[in-house]
Amino acid sequence: MTRDYLRRLGIAGLTGFSNLGRATVLWARAMWGLPRWADVGLLTRQMYQVGVQSIMIIVLSAFAIGAVLSLQFYTQLANFGAQDSVGVGLALVLLRELGPVVTGLLFAGRAGSAITAEIGLMKTTEQLSSMAMMGVDPLHRVLAPRLWAGMISLPLLTLIFNAIAIFGGVVVGVHWLGADEGSFWSGMQNAVDIWNDFGKGMIKALVFGVLVSWIAVFQGYDAEPTAAGISAATTRTVVLSSIAILATDFVLTLGMYGNFGS
Amino acid sequence: MDQDSLIEISGLRFSRGDRVIFDGIDMAIPRGQISAIMGPSGTGKTTLLRIIGGEVKPDAGEVLVGGYDVCRLSRGELFELRKDIGMLFQSSALFTDMSVFENVAFPLREHTELEESAIRDLVLMKLNAVGLRGARDLMPSELSGGMARRVALARAIALDPALIMYDEPFTGQDPIAMGVLLSLIRRMSQALEITSLLVSHDIHETVSIADNIFLLADGKLIAHGDPQSLREHPAQDVQQFMHGEPDGPVPFHYPSDDYMFDVLGNSV
């Protein structure tokens with residue numbers, strides 16, 4: 001019983017490391033040589049698919065999250081008569097954490113799953129094989145534009161998310177609940193550091209962009225070429241991306257804003 | 001390497017799990033001729049095409065294509081070699097996000113520096129050859145299986161490769177399209193000296209155009225030669241396959257328990 005359990009644990013560990021190794025080789029091969037001018041059209045099309053088409057869900061979610069945050073901050077801060085500081089809390093929590101993390105999670109659900117399903121279906125219908133047999137490397141033609149598009153799009157979507165969320169916060173905090181508008185903006189301006197808050201948040205977004213597009217592309221390329229295989233791969237993309245984003249966010253926060261214990 | 005052979009395979013071994021697909025196969029595909037690989041279902045005919053194209057690596061053996069061992073080429077060298085190989089997939093494998101025209105233009109755009117007008121002319125010529133010039137603006141989802149296969153054939157011959165591999169090219173074709181396809185494959189072989197290697201179960205059609213037939217069974221090459229010599233081959237398994245007989249040394253059924261026992265169980 002114990003031996004069987006250990007054996008299965010060992011197999012799972014080895015499979016995990018083997019997949020990580022294959023995914024790393026795949027990423028390195030796909031990224032090699034790009035971007036070239038000839039691939040700008042492919043990159044643009046993918047940025048439209050994964051970036052522009054994700055804007056609606058980002059905008060709606062950002063407005064709702066900004067509004068809810070503002071509501072919560074206002075309610076709590078009002079206990080201390082500090083409701084005019086809503087803008088400070090809102091900006092810091094969005095720029096440092098929620099902006100990149102929530103955008104990454106939404107991006108994994110909307111664009112990551114689509115990338116996996118598309119590449120998985122191309123594999124199932126032998127489109128990747130036929131491309132390779134024509135002497136065109138699918139790693140460069142299919143995978144690389146999606147990897148680059150994910151890396152570029154996620155920071156841009158995070159910018160949009162932050163802006164809309166702050167707008168949602170203003171609508172609720174200032175225009176509805178009645179926090180002072182001057183204090184709202186000036187507090188935010190004084191508290192936010194362009195590098196420490198905004199810059200580091202953008203670095204997080206870039207890292208999440210690399211992670212999500214890498215996981216999505218590998219899961220699609222590695223999917224079992226059946227309907228059930230594509231379904232399982234799509235699910236794995238969303239689950240693994242979400243875990244990767246949350247775990248990496250913790251590590252990055254620890255590294256960027258360290259000295260929590262001292 | 002024999003100057004008259006475009007493909008030379010020696011000592012090829014390949015397994016999937018415990019199942020041996022090829023158990024030491026040697027064969028030479030003559031240059032500029034039409035060769036057919038035939039055999040019962042599941043003998044690895046498609047796998048052999050994929051090994052020749054370098055998509056699948058064998059466990060052992062040497063596969064020379066135009067003098068290059070595809071098993072030992074680097075990824076870049078393999079992709080370079082493939083520019084001179086066309087392959088028609090069993091599933092057609094058209095790019096579903098591109099129109100018929102763009103599918104056929106794809107290899108030309110990727111591998112040549114031709115002007116758009118020249119690409120247009122070439123694509124229309126290739127589509128005309130398969131009778132689908134009028135379907136250039138359709139999407140793959142709007143094509144029947146037979147039409148999709150003809151578009152895939154037009155795409156496979158777009159660059160006039162030295163070798164074209166066809167995986168079941170006749171499946172799903174109506175009698176008219178079948179006649180045109182047979183004549184097209186024959187003309188390309190004779191006029192352009194393209195080497196054609198086809199996998200097919202359609203004995204009548206294959207025998208009518210093939211210069212050589214290689215018959216595979218049980219992981220081995222059991223016979224090869226011109227169609228006439230195979231028809232008159234003394235071996236029983238060759239005769240059974242060439243004449244489509246249900247009874248003979250090659251079983252129709254996948255290995256299984258006794259039929260009566262399987263159905264009635266212990267009540268027998």
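Within every chain, numbering begins at 1; the chains are lettered A, B, ... in the order of the sequence lines, protein sequences first and strands thereafter.
- Atom CG of A:Leu128 is separated from atom CZ of B:Phe95 by 8.5 Å, given to the nearest 0.5 angstrom.
- Each of B:Ile85, B:Leu88, B:Leu94 has some count of heavy-atom pairs under 4.5 Å with chain A, and the biggest count is that of B:Leu94.
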Donor-acceptor pairs under 3.5 Å, chain A versus chain B:
from     : atom 1 : to       : atom 2 : distance (Å)
A:Glu126 : OE1    : B:Ser91  : OG     : 2.5
A:Glu126 : OE2    : B:Arg50  : NH2    : 2.1
A:Gln127 : OE1    : B:Thr96  : N      : 3.3
A:Gln127 : NE2    : B:Thr96  : OG1    : 3.2
A:Ser129 : OG     : B:Glu55  : OE2    : 2.6
A:Ser130 : OG     : B:Ala93  : O      : 3.3
A:Ala132 : O      : B:Arg82  : NH1    : 3.1
A:Met134 : O      : B:His111 : NE2    : 2.6
A:Asp137 : OD1    : B:Arg75  : NH2    : 2.7
A:Asp137 : OD2    : B:Arg75  : NE     : 3.1
A:Asp137 : OD2    : B:Arg75  : NH2    : 3.4
A:Arg141 : NE     : B:Glu110 : OE2    : 2.8

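- In this structure, A:Met133 CE and B:Phe89 CZ are separated by 6.0 Å, a value rounded to the nearest 0.5 Å.
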